[in-house]
Amino acid sequence: MIDWALTLCVAVFGILIFQAEVAKPYRIPTASMEPTLHCGKPADGCRAHVSDRVIANRIVYRFHAPKRGDIVVFDAPATVRSACNAAGVFVKRIIGLPGEKVSMRSGDVFIDGIRLNERYLASGGRGTESGEWPRSPQSGYFVLGDNRTMSCDSRRWGIVPRRSIIGRVDARYWPPNRAGEP
């Protein structure tokens, strides 16, 4: 009996350490990343009946800096609450890297004046917004949802500090028919 209890305690401890240090699961709650990552109906703009569940790799950024195009999980900055009436953990795509200036013209993104090729965007999700945002500080990232028309992101509340990034989304594990890379 003690063997079983000890084994169970070691297993639970191992899982908790794994989630805290290596990888942690998250659910996609909104349509901001559609169609790359689905949220579940009846939420506005959701294409699926069940929300995608993803794994955030928590150790990858210990070895290299986040890259443009990475889908990341992060603790939302304090400015999100007033801009989006939301808080907590967000999932978005990195668009602007530290030191870069991001602008948009009719939905097309420009980095330091050069148009960004965004193959991952669905035609209807690009939107028609135009704007220009301050250059990212050396420790900040400009993030956008793949569904720009339904995303509250860096256009509204600014950059994500490097220290707020939890990890890179490396895999979708639920639902089973959509499992794999996002």
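Remember, predicted model here, so these are calculated numbers, not experimental data. Values reported hereafter were calculated over all heavy atoms of this structure, with side chains retained and with hydrogens, waters and symmetry mates removed.
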> Which residue pairs pass the disulfide (SG to SG under 2.5 Å) test with at least one member in residues 113-144, sequence neighbours excluded?
Replying inline: none
> So, the side chain of T79 versus the backbone of W157: is there a donor-acceptor pair under 3.5 Å, distance only?
Replying inline: yes
> Which heavy-atom pair separates G96 from I111 by the least distance, and what is that distance?
Replying inline: CA-CD1, 4.3 Å
> Do NZ/NE/NH1/NH2 and the carboxylate oxygens of E129 and R148 come within less than 4.0 Å?
Replying inline: no
> Run the side chain to side chain contact (heavy atoms under 4.5 Å, CB included) check on V169 and V72 step by step: do they pass?
Replying inline: CA-CA 6 Å; V169 173; V72 294; over 6 Å; no
>> Once rounded to the nearest 0.5 Å, what's the spacing between atom CG of D153 and atom CD1 of I95?
In response: 9.0 Å
> Can you tell if the side chain of P66 reaches within under 4.5 Å of the side chain of R162, non-hydrogen atoms only?
Replying inline: yes
>> Run the side-chain contact (heavy atoms from CB on, under 4.5 Å) test against I159 and tell me which residues pass, sequence neighbours left out.
In response: S136, P137, P161
> When rounded to the nearest 0.5 angstrom, what is the spacing between CH2 in W133 and CE in M104?
Replying inline: 5.5 Å
> Does one hydrophobic cluster hold both I166 and V91, with members joined at side-chain heavy-atom distances below 4.5 Å?
Replying inline: yes
>> For a quick test of reading the model, state the closest non-hydrogen atom pair linking L97 to I94 and the distance between them.
In response: CD2-CG2, 3.8 Å
> Which atoms form the tightest heavy-atom contact between R126 and G107, and what is the distance?
Replying inline: CG-O, 3.0 Å
> Of all heavy-atom pairs between Q138 and G99, which one has the smallest distance, and what is that distance?
Replying inline: NE2-CA, 3.6 Å
Without placing hydrogens or testing angles, list every side-chain donor-acceptor pair under 3.5 Å for residues 175-182, not counting sequence neighbours.
{"from": "R178", "atom 1": "NE", "to": "D52", "atom 2": "OD1", "distance (Å)": "3.2"}
{"from": "R178", "atom 1": "NE", "to": "D52", "atom 2": "OD2", "distance (Å)": "3.4"}
{"from": "R178", "atom 1": "NH1", "to": "H38", "atom 2": "NE2", "distance (Å)": "3.3"}
{"from": "R178", "atom 1": "NH2", "to": "T36", "atom 2": "O", "distance (Å)": "3.2"}
{"from": "R178", "atom 1": "NH2", "to": "D52", "atom 2": "OD2", "distance (Å)": "2.9"}

> Are S106 and D108 close enough that a side-chain donor and a side-chain acceptor fall under 3.5 Å?
Replying inline: no
> Would you say R93's side chain and L144's backbone share a donor-acceptor pair under 3.5 angstrom?
Replying inline: no
> For the atom pair OG (S103) and CG (D112), what is the distance rounded to the nearest 0.5 Å?
Replying inline: 8.5 Å
> Which pairs pass disulfide (SG to SG under 2.5 Å) with one or both residues in residues 71-121, sequence neighbours excluded?
Replying inline: C84-C152
> Given a cutoff of under 4.5 Å between side-chain heavy atoms of I, L, V, M, F, W and Y, with clusters grown through shared members, what are the other residues clustered with M150?
Replying inline: none
> Closest approach of V109 and V102, non-hydrogen atoms and distance?
Replying inline: CG1-CG1, 4.1 Å
> Heavy-atom distance under 4.5 Å between the side chains of D70 and Y61, does that happen here?
Replying inline: yes
>> Rounded to the nearest 0.5 Å, what separates atom CZ in R172 from atom CD1 in I55?
In response: 12.5 Å
> Between CZ of R68 and CZ of F142, what distance do you get to the nearest 0.5 Å?
Replying inline: 12.0 Å
> With sequence neighbours left out, which residue pairs that include part of residues 96-148 fulfil the disulfide (SG to SG under 2.5 Å) condition?
Replying inline: none
> Around H64, counting heavy atoms of other residues, nucleotides and ligands shown, do more than 12 lie under 6.0 Å from its NE2?
Replying inline: yes
>> With clusters defined by side-chain heavy atoms of hydrophobic residues (ILVMFWY) lying less than 4.5 Å apart, directly or transitively, does V73 cluster with L37?
In response: yes
>> Tell me whether V89 shares a hydrophobic cluster with V54, the cluster being built from Ile, Leu, Val, Met, Phe, Trp, Tyr side chains joined at under 4.5 Å.
In response: yes
>> Test your reading of the model: is there a side-chain donor-acceptor pair from E34 to the backbone of A31, 3.5 Å cut-off?
In response: no
> What's the spacing between S139 OG and R163 CZ if we round to 0.5 Å?
Replying inline: 6.5 Å
>> Using every non-hydrogen atom in the two residues, find where S32 and K92 come nearest and quote the distance to one decimal.
In response: OG-NZ, 3.0 Å
> Just wondering, more than 12 heavy atoms not from R156 lying within 6.0 Å of its CZ?
Replying inline: yes
> Quick one: does V143's side chain get under 4.5 Å of F90's, heavy atoms only?
Replying inline: no
>> Is the shortest side-chain heavy-atom distance between R27 and S51 below 4.5 Å?
In response: yes
